[in-house]
Amino acid sequence: MKIVEARVIVTCPGRNLVTLKIVTDEGLYGIGDATLNGRELAVVAYLEEHVLPALIGRDAHRIEDIWQYLYRGAYWRRGPVTMTAIAAVDVALWDIKAKAANMPLYQLLGGKSRERVMVYGHATGKDIEGCLDEVARHVELGYKAVRVQCGIPGIATTYGVAKRSGERYEPADSDLPAEHVWDTAKYLNYVPKLFAAVRERFGDDLHILHDVHHRLTPIEAGRLGKAVEPYNLFWLEDCTPAENQQSFRLIRQHTTTPLAVGEVFNSIHDCRELIQEQLIDYIRTTLVHAGGITHVRRIADFAALFQVRTGFHGATDLSPVCMGAALHFDTWVPNFGIQEHMPHEEHIDEVFPHAYRFEDGHFTPGDAPGHGVDIDEDLARQYPYKRASLPVNRLEDGTLWHW
Ligand SMILES: O=C(O)C(=O)C[C@H](O)[C@H](O)CO
Ligand SMILES: [Mg+2]
């Protein structure tokens, strides 16, 4: 089955999303997500100039060989742009293979390890009260797990908190990066009160998650993890930047709060020590940014050896194509932990009709052949690309900080 055409579709039905479509001489096609938030056109250029011309004429069934060709053959290995481009090709080819077999993708991966996939939703509020109302709304919708984030008194802006209650927050919310302000001391003094309030109102059964967005030093992360142990978090995410994987040893020495890391990783080498030394509990690296199913399967299998479970990234900047493929992966992967879920806007769902369904705090991927997500190209064309950037973060004295 030969690849006869490969094209990139950029659309902005509320936010920028990049999709790769690969067409074969048998009329089957597959699609893959190629969205790298705030750097979308870098991946488009990489695909159009360096990858797609080399795909034409290749056998669409040779997924592994094509993966190795794109990874080893580039000479310049790894990095988010390269690995997102490879992921788009890989997921589109798995979609084609599963369609050719007339099977839902999870069957090709090895079949179901579970009936449904638990997801966590996002509750955000300007303050603790506002956040609690949003947790209540999520519980009513059926969520069994909720990520909680709230504004911090004395800090004017907090990333990851919606502008109005009941709305989603948008990670890339301005043309050029907005400037946020950060104060670690204020955050550390306040945020444990949020978890105390959630436990007090919702009891012990609700799974609570929290994202620190890389803002603490390792010893501060240890302090936070220890302080929140009474509230039994499902996980504390990205508590410190993870380029230095060894820094997590220090955090582990101080707390038993489970740790999740990896949404910005793009390779097994980014998380090898974290996993091998059991410095984390959940690996968040997902299909679109880490070379697709072929590579993330290696990460998940490696993680399984050390009892590290998956907890894939699933913010709205990962398109429904990634969500659909991830849900098939989650249905199969033996060491599944949880899946992030931020609902896409209605216009996005219209552009990407999909087979996956939400019920009672869980998703099922559906039984359509392939990953079950399609793209309406005519509709996609009605929403042209619009530059949008993620914010930057500064301390009150102006120092540029992590986020
Ligand atoms: O969903 C999360 O956990 C995030 O941290 C969201 C990220 O900031 C967002 O996807 C960046 O593009
Ligand atoms: Mg995160």
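Just so you know, ligand 1 is whichever comes first in the structure, and atom 1 is the first atom listed for that ligand.
Considering F363, F312, F336 in turn, F312 is the only one that fulfils the ring-ring contact (aromatic ring centres under 6.0 Å, His included) rule with F329.
Summary of contacts: the protein heavy atom closest to atom 4 (C) of ligand 1 is E263 OE2, 3.2 Å. Looking only at protein heavy atoms, the nearest one to atom 1 (O) of ligand 1 is E340 OE2, 2.5 Å. The nearest heavy-atom contact from the protein to atom 8 (O) of ligand 1 is Y159 OH, 2.6 Å. Among protein heavy atoms, the minimum distance from atom 9 (C) of ligand 1 is reached at D317 OD1, 3.4 Å. Of the protein's heavy atoms, Y169 OH, 3.5 Å lies nearest to atom 6 (C) of ligand 1.
Side-chain contact annotation: R72 with Q68, donor-acceptor N/O pair under 3.5 Å present. Of the N and O atoms on the side chains of E229 and T255, at least one donor lies less than 3.5 Å from an acceptor on the other residue.
For the pair R58 and Y69, the distance from NZ or CZ to the six-membered ring centre is under 6.0 Å and the angle to the ring normal is within 45 degrees. Figure legend: K144 and F234 shown without cation-pi pairing, the cationic atom not lying both under 6.0 angstrom from the six-membered ring centre and within 45 degrees of its axis.
Remark: ligand 1 atoms within the under-4.0 Å shell around heavy atoms of A315 are 1 (O), 6 (C), 10 (O). Residue D211 approaches ligand 1 through these ligand atoms, each under 4.0 Å from one of its heavy atoms: 2 (C), 3 (O), 4 (C), 5 (O). Every atom of ligand 1 with a heavy atom of H213 under 4.0 Å away is listed here by number and element: 4 (C), 5 (O).
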Checking salt bridge (charged side-chain N to carboxylate O under 4.0 Å, His left out) for the pair E134/R137: CA distance, chi angles, key distance, verdict? CA-CA 5 Å; E134 274 298 289; R137 191 172 69 81; 3.0 Å; yes
Inset, instruction - Step by step, work out the side-chain hydrogen bond (donor to acceptor under 3.5 Å, both in side chains) result for H371 and D95. - result: CA-CA 6 Å; H371 56 48; D95 191 24; 3.3 Å; yes
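Looking only at N/O/S atoms, D211 comes nearest to the Mg ion (ligand 2) through OD2. Of all N, O or S atoms in E263, the one lying closest to the Mg ion (ligand 2) is OE1. Looking only at N/O/S atoms, E237 comes nearest to the Mg ion (ligand 2) through OE2.
At least one N or O atom of N37 sits closer than 3.5 Å to an N or O atom of ligand 1.
Residue-level proximity to ligand 1 for W403 is carried by the side chain, the only part with a heavy atom below 4.0 angstrom. Contacts between E237 and ligand 1 below 4.0 angstrom, taking non-hydrogen atoms only, involve the side chain exclusively.
None of the N, O or S atoms belonging to D238 lies under 2.8 Å away from the Mg ion (ligand 2).
Here CG of D238 is found 9.0 Å from NE2 of H313. Values are rounded to the nearest 0.5 Å. If you take CG on N232 and CG on L206, they are separated by 11.0 Å, rounding to the nearest 0.5 Å.
Under a 4.0 angstrom heavy-atom cut-off, R147 registers as being in contact with ligand 1.
Between C271 and Q245, the closest heavy-atom pair is C-OE1, 3.5 Å.
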